[in-house]
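The next block holds one structure in the form of structure tokens; read it before the comments.
Chain letters run A, B, ... following the sequence lines, proteins first, then strands; residues in each count from 1.
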Amino acid sequence: MPELPEVEVVCRGLNPLLKGYRIERVELMHHQLRYPLPSYFVSLLPGLTFKEVKRRAKYILFHFDVDFLVVWHLGMTGQFHLLDSREPKARHEHVRIDLSGGKSLCYRDARRFGYAGVIAADKLNQHPWFNRLGPEPLSDAFSADTLFARSRGRNTPIKTLLMNNEVVVGVGNIYASESLFRSGIHPARASGRISLKRMSLLVEAIKAVLSEAIEAGGSTISDFVKADGKPGYFAHQFRVYGREGERCYQCGKGIRRIVQSGRSSFYCPFCQR
DNA sequence: AAATGAACCTGTTTGC
DNA sequence: TGCAAACAGGTTCATT
């Protein structure tokens, strides 16, 4: 499911729904996600009151009325649902967090690539999950100048560079392809051979695509955490992703697919150089 | 150091 | 129809 926009939508959706609620009980059905879930979740978390749900990169940060936070990554298929506590356990539901007020925060993850842990609030940035992360793409810290500087002397295809979390966080496989199309850059172009001018177009495209996707998800936030399990949004219009063989909306030629670092990239061979 | 590929796991779609 | 291969939105680890 999640790239940065999806995680942002989940956080914005959960924040008002969880704020002020107390954890009554935690049940682990399956400990082995990407990493083992800390079994002390069961004893440590009950009694805590949710203060705020925030995001850094693709991590969900649950803040409480204490000096540590619960950090959760959804992997490829992780989902949170806020359900009535009497709801029977769903397939692939691995964690259930019962809240005051009769609702439960349920974590489902078919592939179990997700992971979670507890981290001291003042040591978050030293933690191995966080200490090498690049800037947030929607912040001023991510600019044409910084991306240009990071790309000099590198032969890596630009698409691979964009998906490197040490360069910029949150740009996943879909939005990497989409932003390269919008800026007219071929995904296989060597990162070090892109001018500052074109890098500027790329950075603006990334910010625009991610912002639009968050907006599109924003209108259906309530659906995301309802019982039906529907994803946050379908509304976003992909211009190249998943459109191999179909016509480019700009020039009418066929969209192509190539594999880079084991991931599919989609592009228009005419519009992107 | 940088680049590539494999690994983690399950479900769904595609192709013979 | 049945079965196997390919593929899926992420990240880390090992190997060139």
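With sequence neighbours excluded, no residue forms a ring pair (Phe, Tyr, Trp, His ring centres under 6.0 Å) with A/H31. With sequence neighbours excluded, the residues satisfying ring pair (Phe, Tyr, Trp, His ring centres under 6.0 Å) with A/H186 are A/Y267. Residues passing the side-chain contact (heavy atoms from CB on, under 4.5 Å) test with A/A149, sequence neighbours excluded: none.
Pairs engaging residues 110-123 of chain A under the salt bridge (charged side-chain N to carboxylate O under 4.0 Å, His left out) rule: none recorded [sequence neighbours left out]. Residues in residues 150-172 of chain A take part in these salt bridge (charged side-chain N to carboxylate O under 4.0 Å, His left out) pairs, two or more places apart or across chains: A/R132-A/E166.
Between A/H73 and C/dG10 there is no side-chain polar atom (N or O) within less than 4.0 angstrom of OP1 or OP2. Under 4.0 angstrom from either OP1 or OP2 of C/dG10 there lies no side-chain N or O belonging to A/N165. At C/dT12, none of the side-chain N or O atoms of A/R34 fall inside 4.0 Å of OP1 or OP2 (strictly under the cut-off). Note on A/T156: a side-chain N or O is less than 4.0 Å away from OP1 or OP2 of B/dA3.
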*Test side-chain hydrogen bond (donor to acceptor under 3.5 Å, both in side chains) on A/S177 and A/S265 and set out the steps.*
CA-CA 6 Å; A/S177 280; A/S265 302; 4.7 Å; no
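Residues from residues 112-121 of chain A that place a heavy atom under 4.0 Å from any atom of DNA chain C, listed by number: A/F113, A/Y115.
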Show me the side-chain donor-acceptor pairs of residues 19-26 of chain A shorter than 3.5 Å, one per line, residues at least two apart or across chains.
from  : atom 1 : to    : atom 2 : distance (Å)
A/R22 : NH2    : A/E24 : OE2    : 2.9
A/R25 : NH1    : A/E27 : OE1    : 3.4

Which pairs would a plain distance check flag for residues 56-65 of chain A, meaning a side-chain donor or acceptor within less than 3.5 Å of a matching protein atom at least two apart in sequence or in another chain?
from  : atom 1 : to     : atom 2 : distance (Å)
A/R56 : NH1    : A/G134 : O      : 3.4
A/R56 : NH1    : A/E136 : OE2    : 3.0
A/R56 : NH2    : A/G134 : O      : 3.0
A/Y59 : OH     : A/Y115 : OH     : 2.9
A/D65 : OD1    : A/T49  : N      : 3.2

Distance-only criterion, 3.5 Å: show the donor-acceptor pairs between side-chain atoms of residues 245-257 of chain A and protein atoms not counting sequence neighbours.
from   : atom 1 : to     : atom 2 : distance (Å)
A/E246 : OE1    : A/R243 : NE     : 3.3
A/Y249 : OH     : A/R243 : NE     : 3.3
A/R257 : NH1    : A/S264 : OG     : 2.5

*Could you write nucleotides 11-16 of chain B as a row of B, S and -, 5' to 3', where a protein heavy atom under 4.0 Å of any base atom gives B, of only sugar-phosphate atoms gives S, and otherwise -?*
S-----
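Between A/F238 and A/Y175, the ring-plane angle classifies as perpendicular under the 30° and 60° cut-offs.
In secondary-structure terms, DNA chain C builds stems of at least 3 consecutive Watson-Crick or G-U pairs, each pair having both distances under 3.5 Å, at B:2-8 with C:10-16, B:10-16 with C:2-8.
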Would you list the protein and nucleotides 4-7 of chain C atom pairs, both N or O, that sit under 3.5 Å from each other?
from  : atom 1 : to     : atom 2 : distance (Å)
C/dC7 : OP1    : A/R257 : NH2    : 2.8

